[in-house]
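In what follows, chains carry the letters A, B, and so on, assigned in the order in which the sequence lines appear, proteins first and then strands, with residues in each chain numbered from 1.
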Amino acid sequence: MLDLRFIREHPDLVREKLARRGGEYPLEQLLELDQLRRKLIQEVENLRHERKKASEAIGELKRKGKDITAETTRVKELGERLKSLEKELQEIEAQVKTLLLEIPNLPHDSVPLGADEKDNQVVKRWGDMPSFDFTPRPHWEIGEELGIFDFVRAAKITGSRFVVYRGAGAMLERALITFMLDLHTRAHGYREVLPPFIVNEASMIGTGQLPKFKEDLFKLEDWDYYLIPTAEVPVTNLHRSEIVPEKALPLYYVAYTPCFRAEAGSHGRDVRGIIRQHQFNKVELVKFVSPENSYEELETLLLDAEEVLQKLGLPYRVVVLCTGDLGFSAAKTYDIEVWAPGQERFVEISSCSNFEDYQARRANIRYRPQGGQKPRFVHTLNGSGLAVGRTLMAILENYQQKDGTVVVPEVLRPYMGGLEVIEPQDFPV
RNA sequence: GGAGGGGUGCCCGAGUGGUCGAAGGGGGCGGCCUUGAAAGCCGCUGAGGGUCUAGUGCCCUCCGGGGGUUCGAAUCCCUCCCCCUCCGCCA
C-alpha cells in the first residue's frame, strides 16, 4: 500500500500518477477520512492523557489512605466518553485501511503512458525466429500427437484447463524445472527455497492478491487458506513483519512451485493447449533489496530470466508494460514474450516487476540501515524465471520437425537421460 | 483428536494490578585501550502514530490477535491464533 503520509502531503502528485493507470480509486474519500481520523486521534489522546493523570492521582491518594470515591466516579465518566470515541476512531481507521488496500501502486516515471497492452513498448528482441520448410503447428497438436499431453483424461479427473503430462512430456517439464533452478542458484546467486503451496490470508494481503482479487484465487473450504497463484506470495512473505540487517541485503530467492489460478474472467481465452491452465509450474525469482538500487536490481532480474531462454535457444522479445497494463502492486514491469511459431505470436513467459516499498509496507518488511538508524521498508521485486509450461510449449513449437518429432534443446539433454529427440510415446493405452 | 506447557523489544529472557516501555544478557552503534585487531572497560540503542513554537520538543498507543473486568492491565477473565512436550492417528 501507499504511505498515508505521502498521500496526505502530495495529494496532487498521487492523483496524477493514479490517473496514468486509468480507473477510479477512492483517493478523495481517503483524504477526507484521514482528516477526520486525525481529529479523532487528537480528541482520544487528550482524553487518555486526562485519564492517565487522574488514575495516577488516585494511586497517590490511595497510598496515603485517603478517600477516592469522588475521583473514581469522575474518571469513570471520562472512561465512558473515551470508550465511545475510541470505537468511532476504530471504525474510521478500519475504513482508511480498507481504502488504502484498494489503491494500487504508483507507476514509476520511466513507465510509458498508455491505456492497455497495445501501448506496451518493445524494448528488446533476441534470437532468430526459426524458419520451417513446412507449416509449423501449434503445441497442442504436436503434444497430443506425440502422446505427451492428455487433455481428455485431465478433464475427466478434474475439469477443463488441466492437463496430464505423459512420458517424455512429464520428463521435459521436470527437466526444465531442474535446469532453471540450477541456473539461478549456481550462476546467478539465488538461494533455493521450497515453500508451502498453501498460504493464509495475511500472506495474500501482504503481496496484494487480497482483498481486491479474491475471485482469481482458489480458497480451501472451511479454511482461511488459499492455493498460491505464484511463489511470489509465500516467498515474499518469508520476511513478513521482520527487520533484517542492511548487510543481509540484497536477498535473492528462487523457488519452484505449482501455481493455481481460478482464471475468472478469462473464459474463451487460450482455451486450446497449455498456455492458460488452472494449475501450472513456475520457477520464481524474488529479491529483497535496499531502495537505492531497486531499479538496477530489476534490470539484472530481467537478465537472469532472459538467460533461461537464451540457453534454451528460444527467440523472445522484452516489453515494458505501459501505465494502463501495469499490475496492481507493481511500479514497473517488464514482460518477456517468447516466440510461438505454431501460433504466429509472442506469448508472455515471464513478468519481472519492481514493487518498490508497496508490498513491503503491506507486509511490514523492513531493514535496519547500517549505523543503527530507524528501520526502513525494503524494496521487493520478482520475476518468473520462467513459467515452465509455457517454456515447454515454446520448445515444442520452436523445435518441432516435419515428421512431428521434437528436438530436445542441448542444455536439457543431461536432465533427460541424454534424450535428443522426443518421438511418439509408445504406450499401450 | 486428548492432556499439559508457553508466546514479552532486533534476538534471548525476567517480570502476576499502580512512575513498567518493561530487569538482565546478546547483538548493533559510539568511545577508551591497541601499530592494527581481539579481549576488557564505559556510554548509547524498541516500534508505530498524533501534534506544533519543528526541539537531542510535547502527547498517545503497543508485552501473539480480538474482546472484557477495573479509577488504573504485560499482570485478572473470555475468545481466537501460533509454538513446544506427551498420548492417539498417520505418509
Side-chain angles (χ1 to χ4, degrees), chain A residues 1-9 30-101 194-206 210-211 219-220 222-226 234 237-249 251 288 290 357 360-378:
Chain A
M1 62 188 151
L2 301 179
D3 181 6
L4 184 56
R5 184 175 304 175
F6 183 84
I7 298 175
R8 181 192 308 143
E9 286 167 5
L30 179 68
L31 287 166
E32 245 171 73
L33 272 174
D34 176 51
Q35 250 186 323
L36 181 57
R37 168 180 160 271
R38 286 189 297 154
K39 187 179 139 257
L40 275 171
I41 284 173
Q42 282 183 52
E43 286 178 37
V44 163
E45 290 190 349
N46 286 340
L47 277 178
R48 276 182 187 152
H49 183 64
E50 243 183 276
R51 185 186 63 178
K52 196 175 184 175
K53 291 288 168 232
S55 278
E56 280 169 14
I58 289 171
E60 190 64 25
L61 286 173
K62 229 182 151 183
R63 232 166 293 138
K64 289 177 182 161
K66 293 185 176 162
D67 179 57
I68 56 169
T69 44
E71 280 297 293
T72 49
T73 41
R74 193 177 76 81
V75 180
K76 199 168 186 167
E77 280 170 23
L78 207 67
E80 272 151 25
R81 209 147 36 100
L82 183 59
K83 196 172 272 182
S84 74
L85 265 183
E86 275 175 338
K87 196 171 166 228
E88 203 179 325
L89 177 61
Q90 217 169 24
E91 280 161 16
I92 300 291
E93 299 223 286
Q95 286 176 45
V96 166
K97 184 86 191 275
T98 303
L99 292 181
L100 223 36
L101 287 177
L194 183 59
F197 306 156
I198 297 173
V199 298
N200 58 30
E201 188 181 31
S203 294
M204 286 295 189
I205 289 171
L210 288 178
K219 184 174 191 294
L220 301 199
D222 298 329
W223 292 76
D224 258 347
Y225 288 173
Y226 299 82
N237 278 282
L238 277 177
H239 295 295
R240 169 150 53 85
S241 295
E242 289 184 16
I243 301 173
V244 301
E246 181 170 27
K247 62 171 182 269
L249 300 179
L251 283 162
F288 300 78
S290 62
D357 63 5
R361 185 170 286 106
R362 288 173 85 109
N364 197 24
I365 308 168
R366 293 172 294 174
Y367 72 99
R368 186 170 310 276
Q370 232 127 32
Q373 302 137 34
K374 291 230 164 229
R376 300 175 61 195
F377 289 112
V378 301

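In this structure, A:R368 does not reach the B:G28 phosphate: none of its side-chain N or O atoms is under 4.0 Å from OP1 or OP2. Taking only side-chain nitrogens and oxygens, A:H49 never comes nearer than 4.0 Å to OP1 or OP2 of B:C59.
To the nearest whole angstrom, the two P atoms, one in B:U51 and one in B:G65, are 25 Å apart. B:G36 and B:U45 have their C1' atoms separated by 27 Å, given to the nearest Å. Straight-line distance between the C1' atoms of B:A54 and B:C62: roughly 25 Å, to the nearest whole Å. B:C81 and B:G25 have their P atoms separated by 38 Å, with the value rounded to a whole Å. Spacing of P atoms, B:U19 relative to B:C29, comes out at 34 Å, to the nearest Å.
Set against B:G50, B:G72, B:A47, the side chain of A:R5 has B:G50 as its closest nucleotide. Side chain of A:K374, nearest nucleotide from B:G72, B:A47, B:C59: B:A47. The A:Y225 side chain lies nearest to B:C82 when the options are B:C82, B:A47, B:C71. For A:R51, the side-chain atoms get nearest to B:G72 when compared with the rest of B:C82, B:G72, B:C59. Here the nucleotide nearest the side chain of A:K52, chosen from B:G50, B:C71, B:C60, is B:C60. Set against B:C60, B:G50, B:C71, the side chain of A:I41 has B:G50 as its closest nucleotide.
None of A:R8, A:K39, A:R5 except one satisfies the salt bridge (charged side-chain N to carboxylate O under 4.0 Å, His left out) rule with A:D34; the exception is A:R8. In summary, of the residues considered (A:V44, A:L47, A:L40), a side chain to side chain contact (heavy atoms under 4.5 Å, CB included) with A:E86 occurs for A:V44 alone.
Counting heavy atoms from C-beta on, the side chains of A:K97 and A:L100 never come closer than 4.5 Å. Using a 4.5 Å heavy-atom threshold, the side chains of A:R240 and A:N364 count as separate.
Computed from coordinates, the A:Q35 CD to B:U51 P distance equals 10 Å when rounded to whole Å. A straight line from CG of A:N237 to P of B:C82 spans 16 Å, rounded to a whole angstrom. When the P atom of B:C60 is taken as reference, atom CD of A:E93 falls 17 Å away, rounded to whole Å. The NZ-C1' distance, from A:K87 to B:G66, rounds to 15 Å in whole Å. Taking atom CG on A:L47 and atom P on B:G72, their separation rounds to 13 Å, with Å as the unit. Atom CG in A:L82 sits roughly 14 Å away from atom C1' in B:U70 (whole-Å rounding). We find that CD of A:E43 is positioned 17 Å from C1' of B:U61, with the value rounded to whole Å. Between A:L89 atom CG and B:G50 atom P the separation is 11 Å, expressed in whole Å.
At the heavy-atom level, A:P245 lies nowhere under 4.0 Å from the strands shown. Among the protein residues, A:Q90 comes within range of the sugar-phosphate backbone only, with heavy atoms under 4.0 Å from sugar or phosphate atoms but none that close to a base. Nucleic acid contact for A:K83: sugar-phosphate only, since backbone atoms but no base atoms lie under 4.0 Å from a heavy atom of the residue. Nucleic acid contact class of A:Q42 (heavy atoms, under 4.0 Å, all strands): sugar-phosphate only. Within 4.0 Å (heavy atoms only), A:I243 reaches sugar-phosphate atoms of the nucleic acid but no base atom. A:R8 comes within contact range of the sugar-phosphate backbone alone, with a heavy-atom separation under 4.0 Å but no base atom that close.
Of the two residues near RNA chain B, A:N46 and A:T73, the one whose nearest nucleotide lies more 5' is A:N46. Map A:G59 and A:R366 each onto its nearest nucleotide of RNA chain B; the residue landing nearer the 5' end is A:G59.
When both pairing distances are held under 3.5 Å, B:C44 makes a Watson-Crick or G-U pair with B:G28. Across all strands shown, nothing is found opposite B:A38 as a Watson-Crick or G-U wobble partner with both distances under 3.5 Å. Of all nucleotides present, none satisfies the Watson-Crick or G-U wobble test against B:C90 with each distance under 3.5 Å.
Atom NZ of A:K219 sits in a crowded spot, with more than 12 heavy atoms from other residues, nucleotides or ligands closer than 6.0 Å. When the shell of 6.0 Å around CD of A:E32 is examined, it contains 12 or fewer heavy atoms from other residues, nucleotides or ligands.
Taking both residues in full, the closest heavy atoms of A:G206 and A:R362 are given as O-CB, 3.4 Å, listed atom of the first, atom of the second, then distance.
For B:G49, the base has a donor-acceptor partner in the side chain of A:E45 [N/O atoms by modelled type, under 3.5 angstrom].
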